[in-house]
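Okay, structure first, notes after.
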Amino acid sequence: MAFDESGKIWMDGELVDWKDAKIHVLSHVVNYGTDVFEGIRAYEIDGKAQIFRLEDHVKRLFDSAKIYKMDIPFTQDEICEAIKETIKANNLTACYIRPIVYRGYKELGVSPVNCPVNVAIAVWEWGAYLGEEGMANGVNIGVSSWRKPAVSTFPNIAKAGANYMLSQLANMEAKDNGFDEGLLLDVNGNIAEGPGENVFLVLDGKIYTPTLSSSLLKGITRDSVIKLAGDLGYEVNVLPLPRDLLYIADEMFFAGTAAEVTPIRSMDHRIVGEGKRGPVTEKIQREFFKIVNGEVEDRYGWFSPVD
Ligand code: PMP
């Protein structure tokens, strides 16, 4: 997907032309990966942009920054407003929103503390991350040979750019091996998450997803799915989950802002269930899309309108 470069990007309080949204090559982030970011979606409901769980995403951005001692020079409310302003300036409704907090240009060395904390917000149109076909029929997944870092080594809960070096390895490896996406285990061999998605399993009508101590991002879609599934009457268990369960689960699906709710049709060349979207996955996926497409009322207060 090439960018439409005609829009505006918000940088430290100003909207600048897309092509002028540049930083110096000696910025701390370029050399040491010093950034935290978010991925948020806005959906078009009744002709206007409605941002999905905006405050929760912005809170997670600030939590990620706090872990890395990055003092964001704006309040959470100001960032929420800046996101809305950026969507309006780009005349978009349904879009993907990328706020980035990064250590900028001043001096270089491992210590980031003297480098400024800069903020940018970009928005663009983005469809189904794992493809429309994957949404309907499921995707083929392979377990990665790479492991997520142990919880004692590197914060997995911070959504930091540097974490995605590992995600890139797992994603490229999966594609090289003919899969649509990879799945990472934690250091103990328990199920962790996809390179950019949380994972859910269905066994005997009950739903399972790995716990945060298995080195994963505290996904906001994960949280939405847990709530929706509970309200649909399913038992949802958040536990350490051994790899073996991947091969005996009746259904599996990914959940994430980009992936939304995507069924998994095979795991390591073993067909999951009937090899297509299973009934529990379909119910949850349908409920999720009813909400984000505005077909049912926003009963959880998940949307922030862009007026
Ligand atoms: N895990 C990883 C590694 C991710 O990059 C993402 C996408 N942000 C997720 C899980 C899903 O999180 P969310 O639902 O908040 O987008």
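Just so it is clear, the model here is predicted, and its values are computed rather than measured. Note that ligands are numbered from 1 as they come in the structure, with each ligand's atoms numbered from 1 the same way.
Counting atoms of ligand 1 from 1 in the listed order, those under 4.0 Å from a heavy atom of Y164 are 2 (C), 3 (C), 4 (C), 5 (O). Interface atoms of ligand 1 facing P195, defined by a heavy-atom separation under 4.0 Å, are 3 (C), 5 (O).
We find that K84 and E81 are joined by a salt bridge, their nearest charged nitrogen and carboxylate oxygen being less than 4.0 Å apart. Here R243 pairs with D268 in a salt bridge; the nearest charged N to carboxylate O distance falls below 4.0 Å. A salt bridge is absent between D186 and R147; no separation between the charged side-chain nitrogens and carboxylate oxygens falls under 4.0 Å. A salt bridge does not link D231 to K227: none of the charged side-chain nitrogens sits closer than 4.0 Å to a carboxylate oxygen. For E193 and R222, the salt-bridge test fails: no basic side-chain N is under 4.0 Å from an acidic carboxylate O. Taking 4.0 Å as the cut-off between side-chain N and carboxylate O, D223 and K218 do not count as a salt-bridged pair.
Shortest contact from atom 6 (C) of ligand 1 to any protein heavy atom: G196 O, 3.3 Å. What sits closest to atom 16 (O) of ligand 1 on the protein, heavy atoms only, is T257 OG1, 2.6 Å. Remark: minimum distance from atom 12 (O) of ligand 1 to any protein heavy atom is reached at G219 CA, 3.4 Å. Ranking the protein heavy atoms by distance from atom 2 (C) of ligand 1 puts E193 OE1, 3.5 Å first.
The shortest N or O to N or O distance between R222 and ligand 1 is not under 3.5 Å. Checked against a 3.5 angstrom limit, the closest N/O atoms of T221 and ligand 1 fall inside it.
For the pair R60 and ligand 1, a heavy-atom separation below 4.0 Å is found. Remark: distances from the non-hydrogen atoms of A258 to ligand 1 are all 4.0 Å or more. Using 4.0 Å as the threshold, K159 has a heavy atom nearer than that to some atom of ligand 1.
Defined by atom type and a distance below 3.5 Å, a donor-acceptor pair is missing between the side-chain atoms of D77 and T75. Counted by atom type alone, S145 and E173 present one or more donor-acceptor pairs between their side chains at under 3.5 Å.
Counting heavy atoms closer than 4.0 Å to ligand 1, residue L217 contributes side-chain atoms (C-beta onward) but none from N, CA, C or O. Contacts with ligand 1 closer than 4.0 Å are made by no heavy atom of S167, backbone or side chain. Residue E197 touches ligand 1 through its backbone alone, judged by heavy-atom distances below 4.0 Å.
Using a 4.5 Å heavy-atom cutoff, the side chains of I83 and V58 are in contact.
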